[in-house]
Structures are given as structure tokens and as C-alpha cells.
Student: 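So that we are looking at the same thing, I have put the structure below in C-alpha cells.
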Amino acid sequence: MCTLHEGTLFGMGNPLLDMTVTVDDAFLSKYNLKPNDAILAADTHIPMYDELQQKYSIQYVAGGATQNVMRTVQWIVKTPKVTTFMGCIGNDENGKTLSNAATSTGVNVQYQINPIHPTGTCAVLITGNNRSLCAYLAAAEKFTKSHLDEQFQYVQKALFYYISGFFLTVSPDSALAVGRHACSNNRPFTFNLSAPFIVQFFTDRLNELLPYIDILFGNESEARAFSAIQKWETEDVAEIAKKIVNLPKTNTQRSRIVVFTQGCDPVIVAEQGKAIQTFPVILLPTEDIKDTNGAGDAFVGGFLAQYIQGIPLSTCVQCGLWAAHKVIQQLGCTFPKNVNFKES
């Protein structure tokens with residue numbers, strides 16, 4: 001088991017303030033949204049944010065996929081500033097709320113502050129056990145590589161790295177710089193596909209980054225979208241995972257690992273040269289599920305909280321499942337107090 005130090009895990013992504021709201025199917029239809037999806041806001045979605053604020057009761061929760069992962073890691077390891085996070089926020093009250101929420105859980109935030117654009121928001125629209133995410137990036141999409149370059153000492157200090165696929169829409173050059181640094185120093189670079197649209201519409205950016213990825217996370221929808229883009233003609237998630245681990249990789253000192261969640265179905269783990277492993281999910285009664293938003297981020301956070309300590313892969317997955325199990329009983333990616341992971 002490795003000793004954790006300040007800045008062990010470096011993350012970079014789109015910091016967003018989540019607006020969690022319960023709506024009905026008619027509201028989703030009005031804005032052409034699916035019940036269980038994640039998209040970037042188009043011009044047609046902008047009026048939705050005003051309607052939500054005027055007509056609905058909103059719970060505001062610190063969000064953004066990578067920031068959620070960093071916050072989850074901190075919740076589990078309990079040691080302050082083990083994680084460092086970079087992203088861009090506005091010079092406004094929402095930005096202060098985000099910063100306070102992240103730092104209160106122990107994350108060392110190194111935000112780029114944009115003086116013109118507001119802090120990004122994400123509408124989290126809950127219908128039953130489904131959630132539809134519609135992100136208005138605003139300042140988050142104004143992150144520049146120059147900020148990363150100016151603060152590159154945090155990258156150099158880290159021993160592990162995590163970036164979500166959503167960040168490829170913002171600063172692919174920054175993601176590549178971190179991936180290349182990790183590779184040249186033989187340090188694990190981990191990445192999340194994040195949403196089918198990342199695979200479908202940012203294919204070139206993903207393909208350029210893929211050779212540097214040591215651990216790839218995703219869910220079954222993202223796996224199948226990846227397979228379709230690659231023209232593999234299979235929707236078998238385990239088979240897709242096996243194909244991905246064997247794609248070209250720059251750092252041959254580390255075998256690639258692919259981890260795919262499948263909702264209520266078992267987690268699939270593939271590793272070069274090894275048999276596929278599956279891990280059953282901790283099931284909950286429907287009435288105990290409050291919000292599935294953040295479940296995927298909590299899983300990755302739980303996984304990485306163990307992985308950065310040199311814990312075996314099976315325990316990393318167990319901790320990921322435990323974290324997701326706890327978070328879906330909360331609203332947003334928030335955490336119950338006074339609970340600790342124990343290996344089963």
C-alpha cells in the first residue's frame with residue numbers, strides 16, 4: 001500500500017454547477033431531450049435554464065465529471081489535497097460556490113478564472129430513476145493550454161492522472177500534454193469516454209489520445225458507440241473491451257486496462273493478456289435510489305482512491321461499486337457522512 005502525498009492525483013476537466021430538478025416527460029419533450037443522456041446545450045436549450053429557475057425548485061450541487069471524481073477520491077481517502085483539479089470558471093458567485101464545495105472536500109483547485117464568461121452550469125433533469133444531463137459550458141469551455149503550462153508543476157508532481165472525455169470538447173491539446181507527460185514518465189494516465197457523443201463527434205481527438213491511455217473507463221452505451229465508430233460489428237461489451245485493450249499503445253511498460261460499467265449488470269474489466277473479469281453490482285430497491293447522476297463519477301472516484309494506493313484491481317472495482325452505491329442514495333454527486341469503505 002502506497003503512502004499518499006499532496007498532489008498524488010491530477011485531474012483536468014469542465015467544472016460545472018449542477019442544477020438538479022425533477023421534471024416530467026413533457027418537459028424533456030419540449031426541449032428534445034432523452035430521459036437518460038448527456039449532451040452539450042445547443043442554442044435551443046438556452047431558454048430552458050431560465051424556465052427552470054423561474055418555475056422549478058432547484059438544488060445546486062458542485063459538479064463536472066472530473067471534479068466529481070476528485071471530490072469522491074477525497075471523500076474516501078480523507079487526506080486533504082491528495083487531488084489537484086484544473087478547469088475554468090467565471091468570476092462570479094457560482095464560481096465561488098464551486099470552489100468552496102471542492103475545497104471543502106479536500107480538493108486542491110487550480111482554476112483558471114475567466115473575467116467575461118459565467119461559470120458553467122449543467123441541468124440535471126430527473127424523471128423517475130433516469131437523469132438527463134444538459135451542460136452549458138460557458139467559462140468551462142474557455143480553458144486554455146497556457147494556464148496548464150503556467151501551472152505545470154502540478155502535473156509534474158502528480159503520480160497519476162485522470163481526464164474525462166468531456167474535456168476533449170474544450171482543450172484536446174491540454175489533454176495530450178498531460179497524456180504525453182504521463183507516458184514519458186511511466187505514470188498511469190486514466191481517461192473516461194464519458195458519453196456516446198464524445199466517441200461519435202470527437203473521434204479524431206479521442207483517437208489521438210488513445211495510445212497514451214493506460215486505464216479507460218466507460219459504460220455500455222459508450223462502449224457500443226466506440227465499437228460502431230471502429231466498425232467492429234459487435235455490441236458485446238466484453239468483446240469490445242478485449243478489442244480496446246489490444247489497440248496500439250505508446251507506453252508498452254504498462255498493459256492497458258478497460259473498465260466498463262453496465263448499470264445494474266456486472267462491471268466488465270479487461271486487461272491485456274488476461275481473461276475478462278466481471279464484478280456484480282450492489283443492487284438497491286428502486287425506492288432507495290434518489291439520483292443516478294454522479295454514479296459513474298463516484299465509481300471512478302472509488303476505483304482511483306484505491307488504485308493510487310497500489311491496491312489490487314479487484315478491490316479498486318469493489319470500492320468503485322461501493323461509492324456508486326452510496327452516491328445514488330443522495331441527490332447529485334454528494335456523500336454521506338461517517339461511512340468508510342471496507343474490503344469485502
Student: Do His45 and Ile39 touch side chain to side chain, with heavy atoms closer than 4.5 Å?
Tutor: yes
Student: Mind running side chain to side chain contact (heavy atoms under 4.5 Å, CB included) on Ile198 and Phe166 for me, showing each step along the way?
Tutor: CA-CA 7 Å; Ile198 298 296; Phe166 294 124; 4.2 Å; yes
Student: Spell out, as yes or no, whether a donor-acceptor pair under 3.5 Å connects the side chain of Thr278 to the backbone of Ile268.
Tutor: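 Looks like no, no N/O pair under 3.5 Å.
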Student: If we count only N and O atoms by modelled type, under 3.5 Å, do the side chains of Gln74 and Thr105 hold a donor and an acceptor together?
Tutor: no
Student: Using 0.5 Å steps for rounding, measure from the SG atom of Cys333 to the CG atom of Asp18.
Tutor: 8.5 Å
Student: Please check: side-chain N/O of Glu141 versus main-chain N/O of Thr169, any donor-acceptor pairing under 3.5 Å?
Tutor: no
Student: Taking the side chain as every heavy atom from C-beta outward, state whether Gln151 and Gln153 have any pair of such atoms under 4.5 Å apart.
Tutor: yes
Student: Working note: Tyr154 + Asn108, criterion side-chain hydrogen bond (donor to acceptor under 3.5 Å, both in side chains); need CA distance, chi angles, decisive distance, verdict.
Tutor: CA-CA 10 Å; Tyr154 294 103; Asn108 178 15; 4.6 Å; no
Student: Is a side-chain N or O of Thr261 found less than 3.5 angstrom from the main chain of Gly263, in a donor-acceptor match?
Tutor: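 No: the side chain of Thr261 does not pair with the backbone of Gly263.
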Student: Just grab all the ring pair (Phe, Tyr, Trp, His ring centres under 6.0 Å) pairs involving residues 181-207, residues at least two apart or on different chains.
Tutor: Phe152-His181
Student: Between Thr119 (side chain only) and Gly95 (backbone N and O only), is there a donor and an acceptor less than 3.5 Å apart?
Tutor: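 At least one qualifying donor-acceptor pair exists.
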Student: Examine the side chains of Thr144 and Gln112 and answer whether a donor and an acceptor come within less than 3.5 Å of each other.
Tutor: yes
Student: For atom NZ of Lys249, is the number of surrounding heavy atoms from other residues, nucleotides or ligands below 6.0 Å larger than 12?
Tutor: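 Counting other residues, nucleotides and ligands, NZ of Lys249 exceeds 12 neighbours.
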Student: With Ile311, which of Ile308, Thr315, Leu313 fulfils side chain to side chain contact (heavy atoms under 4.5 Å, CB included)?
Tutor: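 Only match with Ile311 under side chain to side chain contact (heavy atoms under 4.5 Å, CB included): Thr315.
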Student: Test your reading of the model: is there a side-chain donor-acceptor pair from Arg187 to the backbone of Gln156, 3.5 Å cut-off?
Tutor: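 Yes.
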Student: Starting at NE2 of His325, measure out to CZ of Phe341 and round the result to the nearest 0.5 Å.
Tutor: 13.0 Å
Student: Which heavy-atom pair separates Asp43 from Pro47 by the least distance, and what is that distance?
Tutor: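 In terms of heavy atoms, the two residues are closest at O-CD, 3.7 Å.
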Student: For the backbone of Gly302 and the side chain of Gln306, can you confirm whether one donor and one acceptor N or O come within less than 3.5 Å of each other?
Tutor: no
Student: Backbone N or O of Arg180 within a donor-acceptor pair of the Ser184 side chain at under 3.5 Å?
Tutor: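 Here the side-chain-to-backbone pair exists.
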Student: Main chain of Glu343, side chain of Trp322: is a donor-acceptor contact present, judged purely on distance under 3.5 Å?
Tutor: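 Not at all, since once roles are kept as given, no pair shorter than 3.5 Å links the two residues.
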Student: Is there side-chain contact between Asp265 and Val281, with at least one heavy-atom pair below 4.5 Å?
Tutor: no
Student: Going by heavy atoms in the side chains, are Gln67 and Leu16 under 4.5 Å from each other?
Tutor: no
Student: Is it the case that the ring center of Phe160 lies less than 6.0 angstrom away from the ring center of Phe10?
Tutor: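 Ring centres of Phe160 and Phe10 not closer than 6.0 Å.
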Student: Students often mix this up, so state it plainly: with edges at 30° and 60°, are the rings of Trp232 and Phe226 parallel, tilted or perpendicular?
Tutor: tilted
Student: Say you draw a straight line from CD1 of Ile213 to CZ of Arg254; how long is it, rounded to the nearest 0.5 Å?
Tutor: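 The CZ atom of Arg254 is 14.5 Å from CD1 of Ile213, to the nearest 0.5 Å.
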Student: Less than 4.5 Å apart, side chain to side chain, heavy atoms only: is that true for Tyr136 and Cys122?
Tutor: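 Sidechains of Cys122 and Tyr136: no contact.
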Student: Return yes if some donor-acceptor pair links the side-chain N/O of Arg256 with the main-chain N/O of Gln272 below 3.5 Å, else return no.
Tutor: no
Student: Is Leu209 reachable from Leu247 through a run of hydrophobic residues whose side-chain heavy atoms are each under 4.5 Å from the next?
Tutor: yes
Student: To the nearest 0.5 angstrom, please state how far the CD1 atom of Ile257 sits from the CD1 atom of Ile215.
Tutor: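 It is 4.5 Å, given to the nearest 0.5 Å.
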Student: Would you please classify the geometry between the His147 ring and the Phe143 ring as parallel, tilted or perpendicular, with 30° and 60° separating the classes?
Tutor: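 Perpendicular: the ring planes of Phe143 and His147 meet at over 60°.
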Student: When rounded to the nearest 0.5 angstrom, what is the spacing between NZ in Lys342 and CD in Gln318?
Tutor: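 Those atoms lie 14.5 Å apart.
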Student: Quick check on side chain to side chain contact (heavy atoms under 4.5 Å, CB included): which of Val178, Thr84, Thr66 does Met12 satisfy it with?
Tutor: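 By the side chain to side chain contact (heavy atoms under 4.5 Å, CB included) criterion, Met12 pairs with just one of Val178, Thr84, Thr66: Val178.
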Student: So, Asn186 and Asn251: side-chain donor and acceptor under 3.5 Å apart, yes or no?
Tutor: yes
Student: How many angstroms lie between SG in Cys264 and CG in Leu284, if you round to the nearest 0.5 Å?
Tutor: 9.0 Å
Student: Looking at side-chain heavy atoms only, is the closest gap between Ile58 and Thr20 below 4.5 Å?
Tutor: no
Student: If two hydrophobic side chains count as joined below 4.5 Å and joins carry through other members, does Leu304 share a cluster with Val155?
Tutor: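 Different clusters.
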Student: Side chains of Tyr162 and Asn192: any donor to acceptor distance under 3.5 Å?
Tutor: yes
Student: Between the side chains of Lys78 and Asn340, does any donor sit under 3.5 Å from an acceptor?
Tutor: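 A donor-acceptor contact under 3.5 Å links the two side chains.
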Student: Start with the C-alpha distance between Asn130 and Thr127, add both sets of side-chain angles, then the distance that settles side chain to side chain contact (heavy atoms under 4.5 Å, CB included), and finish with yes or no.
Tutor: CA-CA 5 Å; Asn130 294 317; Thr127 52; 3.8 Å; yes
Student: Please report the closest heavy-atom contact between Ala140 and Val170, naming both atoms and the distance.
Tutor: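 Nearest pair, atom of Ala140 first, then Val170: O-CG1, 3.5 Å.
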Student: For Tyr56 and Glu51, which I'm curious about, is there any donor-acceptor pair between the side chains at under 3.5 Å?
Tutor: no
Student: Any side-chain heavy atom of Arg71 sitting closer than 4.5 Å to one from Phe85?
Tutor: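 Side-chain contact under 4.5 Å: no.
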Student: Pair Lys242, Glu239 - check salt bridge (Lys or Arg N to Asp or Glu O under 4.0 Å), show working.
Tutor: CA-CA 5 Å; Lys242 285 195 293 184; Glu239 185 63 28; 3.5 Å; yes
Student: If you count every heavy atom of other residues, nucleotides or ligands that lies below 6.0 Å from Glu287 atom CD, does the total exceed 12?
Tutor: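 Yes, CD of Glu287 has more than 12 neighbouring heavy atoms, counting only those of other groups under 6.0 Å.
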Student: Identify the heavy atoms of Ala138 and Pro118 that sit nearest to each other, and give their distance.
Tutor: CB-O, 3.1 Å
Student: When you measure from the side chain of Ser104 to the backbone of Asn100, do you find a donor-acceptor pair of N or O atoms at a distance under 3.5 Å?
Tutor: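 Yes.
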Student: Would you call Val258 and Val269 a side-chain contact if the rule is heavy atoms closer than 4.5 Å?
Tutor: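 Counting from C-beta outward, Val258 and Val269 never come under 4.5 Å.
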Student: Check whether Val109 and Ile113 end up in the same hydrophobic cluster, where Ile, Leu, Val, Met, Phe, Trp and Tyr are linked by side-chain heavy atoms less than 4.5 Å apart.
Tutor: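 Per the 4.5 Å side-chain linkage, Val109 and Ile113 are co-clustered.
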Student: Would you call Asp92-Lys96 a salt bridge at under 4.0 Å N-O?
Tutor: no
Student: Please report whether the ring centroid of Phe217 lies less than 6.0 Å from that of Phe260.
Tutor: no
Student: Please test Tyr60 against Asn94 for side chain to side chain contact (heavy atoms under 4.5 Å, CB included), starting from the C-alpha separation and ending with a verdict.
Tutor: CA-CA 10 Å; Tyr60 293 93; Asn94 283 350; 5.6 Å; no
Student: If Ile, Leu, Val, Met, Phe, Trp and Tyr residues are connected whenever their side-chain heavy atoms lie under 4.5 Å apart, and connections chain through other members, are Ile76 and Val300 in the same group?
Tutor: no
Student: Locate the shortest heavy-atom distance separating Ser227 from Ile240; write the atom from each residue and the value.
Tutor: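 In this case the closest contact between Ser227 and Ile240 is CB-CD1, 3.5 Å.
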Student: Return the minimal non-hydrogen interatomic distance between Asn68 and Ala62, and the atom names on each side.
Tutor: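 Looking at all heavy atoms of both residues, the closest pair is OD1-O, 3.4 Å.
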Student: Test side chain to side chain contact (heavy atoms under 4.5 Å, CB included) on Thr334 and Val61; report intermediate values, then the result.
Tutor: CA-CA 8 Å; Thr334 57; Val61 178; 3.7 Å; yes
Student: If hydrophobic clusters are built by linking Ile, Leu, Val, Met, Phe, Trp and Tyr wherever their side-chain heavy atoms come under 4.5 Å apart, do Phe299 and Val107 end up in the same one?
Tutor: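 Cluster IDs for Phe299 and Val107 match.
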